[in-house]
Amino acid sequence: MRKLLNGMSSGLIIAALAVCIAGCGLTKAQKSGVATFGEAAVALGTATRVNFQGGRESVIQMKKQRLAIEKKVLPSVKQDGSAPDRAFYAGELNLDSGLDPVNIEKRVKAADLLIQYGNLLVSFSNESQQEELSASATSLTESIGKFPDNPLSSDEIDGLGKLVLALGNMQVEHEKRETLKSIVPSMSKLIEKLCDNLETDFDLKKRGVAADINNVQERLANEAISGLKREGGSIADRLVLIDGFAMAEESRTSLQGSSADLLKAVGSLRQADKKLTDQIDNNKITFDAIKTFAKDASALAKAIKPFTK
């Protein structure tokens, strides 16, 4: 009987320890805050990726319209007298005006990091199946390795990747929380770099993607207005001019709105990221910064639709 009682006591002790360890994980409120941050990160990352890709397509369409208005004529020979090849003519037309696939893909990879980070936080907070959490961790690890101009050293990238993969395979809540606390500061360095780049790319006063798009639409609008001031010409020619002006005007309106919304969301991301560690450490703090980020990211997701159209 004594052995039985001892055995029961040991079992109860082990069970109590297990409950205690599990209880050392994030509370329901903390998980909700982390999930909110993750969902907003996915929304912002998706919107920026769509902006870059849609922006390039918009530039190509506007450039084609302007060249048609200008009745662009390609040279039959190069300046040195040699025969041009296809690459030469592609350079002469320069349809994407500097927003070439390499530059855009570089920015898309940076946006993907934010998306995968958000997905991992959502999977972590929603107590998803182990396979889903592990898949999210693998995707984030790949994005960390592809992040352009990575501010982390190769050793730091390797160490962060291992931590993320370890998180995806953990089942004990206390271990998950401690590992996430180690991941967030390193991810913050990448988030800071991403925010710097996005603020450059989408501030119309800086030399980034938005400024390039704005320049293209301004040139198209000016050419269309100049052409419409001149009398004569066929109906087809004047329709090309009117279509060009309408295209530029739509681009201008969409770009101004989407850039403002995106910059606001990026500013909110900066503030929310600073509070994410506090969110994991302390359940008594307010989550205003994260809620603001979620609100701004949601507004951006809605505003981005006309731009992509």
Side-chain angles (χ1 to χ4, degrees), residues 47-111 148 197-263 303-309:
T48 55
R49 181 172 64 184
V50 168
N51 250 307
F52 287 130
Q53 294 170 329
R56 180 173 186 271
E57 291 303 316
S58 179
V59 162
I60 291 173
Q61 294 303 317
M62 289 190 290
K63 186 69 178 287
K64 287 163 62 177
Q65 194 77 15
R66 180 167 65 81
L67 293 177
I69 290 173
E70 295 174 346
K71 298 180 179 179
K72 173 73 173 180
V73 177
L74 292 172
S76 57
V77 295
K78 295 182 180 180
Q79 288 185 346
D80 61 5
S82 61
D85 56 12
R86 185 167 177 171
F88 170 81
Y89 287 129
E92 281 288 303
L93 293 174
N94 190 25
L95 291 178
D96 56 22
S97 293
L99 300 186
D100 58 83
V102 174
N103 286 334
I104 294 301
E105 182 62 23
K106 179 179 178 180
R107 288 163 168 80
V108 167
K109 287 179 180 178
N197 292 342
L198 290 177
E199 286 174 344
T200 297
D201 273 331
F202 289 99
D203 187 337
L204 291 169
K205 298 178 181 178
K206 297 181 180 180
R207 300 179 64 181
V209 170
D212 287 344
I213 298 172
N214 194 51
N215 289 336
V216 171
Q217 71 83 15
E218 282 285 351
R219 290 192 63 183
L220 173 58
N222 290 335
E223 287 293 334
I225 291 171
S226 296
L228 289 169
K229 287 179 178 179
R230 294 190 293 268
E231 296 183 1
S234 68
I235 293 177
D237 286 340
R238 301 198 74 78
L239 280 174
V240 170
L241 291 167
I242 293 171
D243 286 343
F245 179 79
M247 186 182 295
E249 191 67 7
E250 182 179 6
S251 174
R252 182 181 67 87
T253 302
S254 298
L255 182 61
Q256 289 178 345
S258 61
S259 294
D261 289 334
L262 197 145
L263 289 174
I304 208 65
K305 293 178 182 178
F307 182 82
T308 58
K309 177 181 178 183

J.: Enter the distance from Q65:CD to L241:CG here, rounded to the nearest 0.5 Å.
T.: 8.5 Å
J.: Taking atom CD1 of I235 as the centre, does the number of heavy atoms from other residues, nucleotides or ligands within less than 6.0 Å exceed 12?
T.: no
J.: Apply side chain to side chain contact (heavy atoms under 4.5 Å, CB included) to V59 and list each qualifying residue two or more places apart in sequence or on a separate chain.
T.: S97, L99, I213, V216
J.: Among residues two or more places apart or on two chains, list those pairs meeting salt bridge (Lys or Arg N to Asp or Glu O under 4.0 Å) that have a residue in residues 90-108.
T.: R56-D96, K106-D149, R107-D201
J.: L198 vs F52, test: side-chain contact (heavy atoms from CB on, under 4.5 Å). Steps then yes/no.
T.: CA-CA 10 Å; L198 290 177; F52 287 130; 3.9 Å; yes
J.: If you look at every heavy atom in V240 and A68, which pair is closest and at what distance?
T.: CG1-CB, 4.4 Å
J.: Looking at every non-hydrogen atom in both residues, tell me the closest pair between A111 and T48 and how far apart they are.
T.: CB-OG1, 3.3 Å
J.: With rounding to the nearest 0.5 angstrom, report the CG to CD1 distance, L228 to I69.
T.: 8.0 Å
J.: Nearest 0.5 Å, please: how far is CG in L95 from CD in Q61?
T.: 9.5 Å
J.: Between F245 and A224, which heavy-atom pair has the shortest distance, and what is it?
T.: N-CB, 3.7 Å
J.: The criterion is salt bridge (Lys or Arg N to Asp or Glu O under 4.0 Å); which residues satisfy it with E70, sequence neighbours excluded?
T.: R66
J.: With the side chain counted from C-beta on, respond yes when D237 and K71 share a heavy-atom pair under 4.5 Å apart, and no when they do not.
T.: yes
J.: Could you state the interatomic distance from CZ (R219) to CG (N222), rounded to the nearest 0.5 Å?
T.: 9.5 Å
J.: Please check if the side chain of E199 supplies one atom and the backbone of L263 the other of a donor-acceptor pair under 3.5 Å.
T.: no
J.: Nearest 0.5 Å, please: how far is CG in N94 from NZ in K63?
T.: 4.5 Å
J.: Short question: side chain of S259, backbone of L255 - any donor-acceptor pair under 3.5 Å?
T.: yes
J.: Taking S254 for the side chain and E250 for the main chain, is one N or O donor matched with an acceptor at less than 3.5 Å?
T.: yes
J.: Between L262 and F202, what is the shortest heavy-atom contact and its length?
T.: CD2-CD1, 3.6 Å
J.: Could you check if a side-chain atom of N103 sits within less than 4.5 angstrom of a side-chain atom of V209, using non-hydrogen atoms only?
T.: no
J.: Is it true that, when you exclude R238 itself, more than 12 heavy atoms of the residues, nucleotides or ligands shown sit nearer than 6.0 Å to its CZ?
T.: yes
J.: Could you check whether any side-chain N or O of N215 sits under 3.5 Å from a backbone N or O of A211, counting only pairs where one atom can act as donor and the other as acceptor?
T.: yes
J.: Does K109 reach the main-chain N or O of P148 with its side chain, forming a donor-acceptor pair under 3.5 Å?
T.: no
J.: So how far is it from K64 NZ to M247 CE, rounded to the nearest 0.5 Å?
T.: 8.5 Å
